[in-house]
Every structure is written in structure tokens, then in C-alpha cells.
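Just so it is clear: chains get the letters A, B, ... in the order the sequence lines come, proteins before strands, and each one is counted from 1.
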2 protein chains.
Amino acid sequence: MTGKGVLDTTLGFHIARASVVAYDAFEQHIGTPHGLRKVDFSLLMLVAEHSHLAPKVLAKMLSLTAPKLSMVLDRMQARGLIDRTPDPLDRRSVQVTLTAEGVRLARALEPVARRMEQGLKKRLSAADHARLIQLLSKLASPPG
Amino acid sequence: MTGKGVLDTTLGFHIARASVVAYDAFEQHIGTPHGLRKVDFSLLMLVAEHSHLAPKVLAKMLSLTAPKLSMVLDRMQARGLIDRTPDPLDRRSVQVTLTAEGVRLARALEPVARRMEQGLKKRLSAADHARLIQLLSKLASPPG
DNA sequence: TATTGTTATACTCTATAACTATA
DNA sequence: TATAGTTATAGAGTATAACAATA
């Protein structure tokens, strides 16, 4: 798409197109070789950094609905990557933690993720890559 | 999401989060009020600029599979926004054009799309908005 | 044989509402 | 009654394979 019509100044259109490239890179480096979906990977790395959080908090951090997160947790628990343990202070709630296997996979994926980003830098310089993340983060953050 | 883990340097994660904001803006300004899906809007504006293209070409420009585009064309034709006319030079192929109603809607949506982008500029300055589109476009373009 | 477009099928994603168990 | 989490259901997006018509 080149030209100068309405779509060319529509951010959502460009985000959708860029997401195809990012998704292809994810599938190639992480999704296919490690049998993870994007949301699985995000959850794994998030829980690796922030342990013992409740599903409700994780859902908000990942922009997921509660039912969707339940399904993701089911899948990852069945695979032995995460555990759900009761919250001792509020028995309605649970705490999500990584299993030893989950910790191992999260660590193994760190260099893989770095290689994936390196691959994207064939299209984008390191400076562009950092700036793009900064701008996307600004867009996604609450206005103020 | 703030911190400095693997996700924070993973472009795909930030694209996914930004797409939520862009999609909300689309739904509010265009999707709900005009009964269009994102892909409908993209197709409408694309055909408004580039008439008489074949589905195969449109599918590539929109990063859609051929079957998906067929379904979109069906829906928009049923709504009276586009026509499929036989290609006189190759009778396997068709040419996609806007109906008078399609032209009218495409024109009506131009200021609406501008307002939508203005709304996003509450989160992002005009310069950031332009730079973000430039970087996303660079990411989405073939490497070279 | 190859290509254009369509139809058929299946799988994933996403959202809403209903349910349970605690509070 | 309100909340956390789950289950149930349905709608929309996406991909592959099979098919019809034409080249």
C-alpha cells in the first residue's frame, strides 16, 4: 500500500499491517518451535517477572477478558507450565505461579525473543525499533 | 505494563496492545455508527482510490487470504456498496468497483476518519502520530 | 496444467452472560 | 449484595483444502 489516501493516515490500518510482520516473526521463532500462542508467551514472560498475581490482574495487564485468561491458564496448567494456588487471604482468588518447567521455558525463551527482535531489525534499525516501541507504548497508555 | 522484562522489548507485544486502542477508536467512530468492520472500511477506502482492481490484488494489498476477501466482497455487495464486474480480458477474473452508494459512503467517511485520528492525537502528538505511521510502514514493507 | 475466484470446513479469538464459591 | 473465577455459548476472524471456470 503506497499512495496518499485516507488509509495512509489511518493509524489502525498501519498497525494491522505491521502486526502481520510481527506475528510471522513470532510464529517462526517461538510459536511453531515451542508450541506457544502469542498470548501463552506473553503470560509466561509476565508471570516469570511478576509471580503470585491474581488472574484478574494478569487479565488487565494483557488486555484479556477474564474468561479468555481462564482458558489460557487451563491450557498452560495442563502443559505443566503454571500452577494455580489458593490465595490464603481471599479464598475466592488464586495466585498464578510458574512451575519449575515454566521457569525453565521462560529462561530458554529469553535469547529466542532477543533473536526474534534482531530479525525485525533487518527491517528497522535498532534506534527505530526502540522509538517504535516507545510510540506504541505511548499510544497504549491511558491519556493524560 | 511497565517494568523492564522481555515483553518490554518485544515489538509484537506492544503492537498488540496498541491495536486495542486503535480498534476501540475505530469501533466508536466508524464500526458501530456505520455498521462496518475494520476490513470493510479498509476495502471501501482502497477501492475508492483504486478502482477496477481484481480480488487477488486487493487481497494482497490488505494482507487477506483470497477466501476471506471473497466473504468481505459478498457482504459489501449484498449491502450495495461494491460491484463485481467481469474482466473483459480474462474471464476468470473480476473487477471490483464502488456503487454510487459506495462512493457516497467512502466520501462521508473521510472526515469521520480524520476525526478518529484527531482523537488518537489526544494520546499522541501530531508529530508522534506521523512518525509512528512512518515506522509501522517501514516495518510492514519488504526488507531491502 | 496453472490460475482466478469461490465454497466448504475447521480452528482460534473474542465477548457476553450465566454459574459457583466466597466475601 | 458484591466480587473472583470459571463455564457455556455464540459470533467474528483466519487458514487450508477442495472445487468450478477459464487460461
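Non-hydrogen atoms lying under 4.0 Å from DNA chain C are contributed by nothing in residues 71-88 of chain A. Across residues 20-43 of chain A, A:Arg37 each have a non-hydrogen atom less than 4.0 Å from an atom of DNA chain C (numbered order).
Within the 4.0 angstrom heavy-atom criterion, base atoms lie near A:Lys68. Within 4.0 Å (heavy atoms only), A:Ser93 reaches sugar-phosphate atoms of the nucleic acid but no base atom. Across all strands, B:Pro55 comes closer than 4.0 Å only to sugar-phosphate atoms, never to a base (heavy-atom distances).
Under a hydrophobic-cluster definition in which Ile, Leu, Val, Met, Phe, Trp and Tyr are linked whenever side-chain heavy atoms come within less than 4.5 Å, directly or via other members, B:Leu7 and A:Leu36 are assigned to the same cluster. A:Ile15 and B:Ile30 fall into different hydrophobic clusters, defined by Ile, Leu, Val, Met, Phe, Trp and Tyr side-chain heavy atoms under 4.5 Å apart, directly or through other members.
Atom-to-atom, CZ of A:Arg92 to C1' of C:dT20 comes out at 12 Å; the value is rounded to the nearest Å. In this structure, CG of A:Leu64 is placed 14 Å from C1' of C:dT12, rounded to the nearest angstrom.
Residues passing the side-chain contact (heavy atoms from CB on, under 4.5 Å) test with B:Ser141, sequence neighbours excluded: B:Ser137.
Closest of all the heavy-atom pairs between B:Ala25 and B:Leu120 is CB-CD2, 3.9 Å. In this structure, B:Thr10 and A:Met116 approach most closely via the heavy-atom pair CG2-CE, 3.8 Å.
Nucleotides of DNA chain D with any atom under 4.0 Å from a heavy atom of chain B span, from 5' to 3', D:dA12 to D:dA23.
Using a distance-only test at 3.5 Å, with no hydrogens or angles considered, a donor-acceptor pair links the side chain of A:Asp40 to the main chain of A:Arg37. Counting only distance, with no hydrogens or angles, the side chain of B:Thr99 and the backbone of B:Leu81 share a donor-acceptor pair below 3.5 Å.
Each of B:Asp90 and A:Ser63 was assigned the nucleotide of DNA chain C with the nearest heavy atom; the assignment lying further toward the 5' end belongs to B:Asp90.
B:Glu101 has a carboxylate O that lies under 4.0 Å from a charged side-chain N of B:Arg104, or vice versa, which qualifies the two as a salt bridge. Ionic pairing of B:Asp128 and A:Arg131 is present here: one or more N-O contacts between side-chain nitrogen and carboxylate oxygen are shorter than 4.0 angstrom.
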Please list every donor-acceptor pair under 3.5 Å in which a side-chain atom of residues 51-67 of chain A meets a protein atom from a residue at least two apart or in another chain.
from: A:His52; atom 1: ND1; to: A:Gln95; atom 2: OE1; distance (Å): 3.3
from: A:Ser63; atom 1: OG; to: B:Arg17; atom 2: NH1; distance (Å): 3.4
from: A:Thr65; atom 1: OG1; to: A:Lys68; atom 2: N; distance (Å): 3.4

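Every pair tested for salt bridge (charged side-chain N to carboxylate O under 4.0 Å, His left out) that includes a residue from residues 111-120 of chain B fails, sequence neighbours excluded, so the list is empty.
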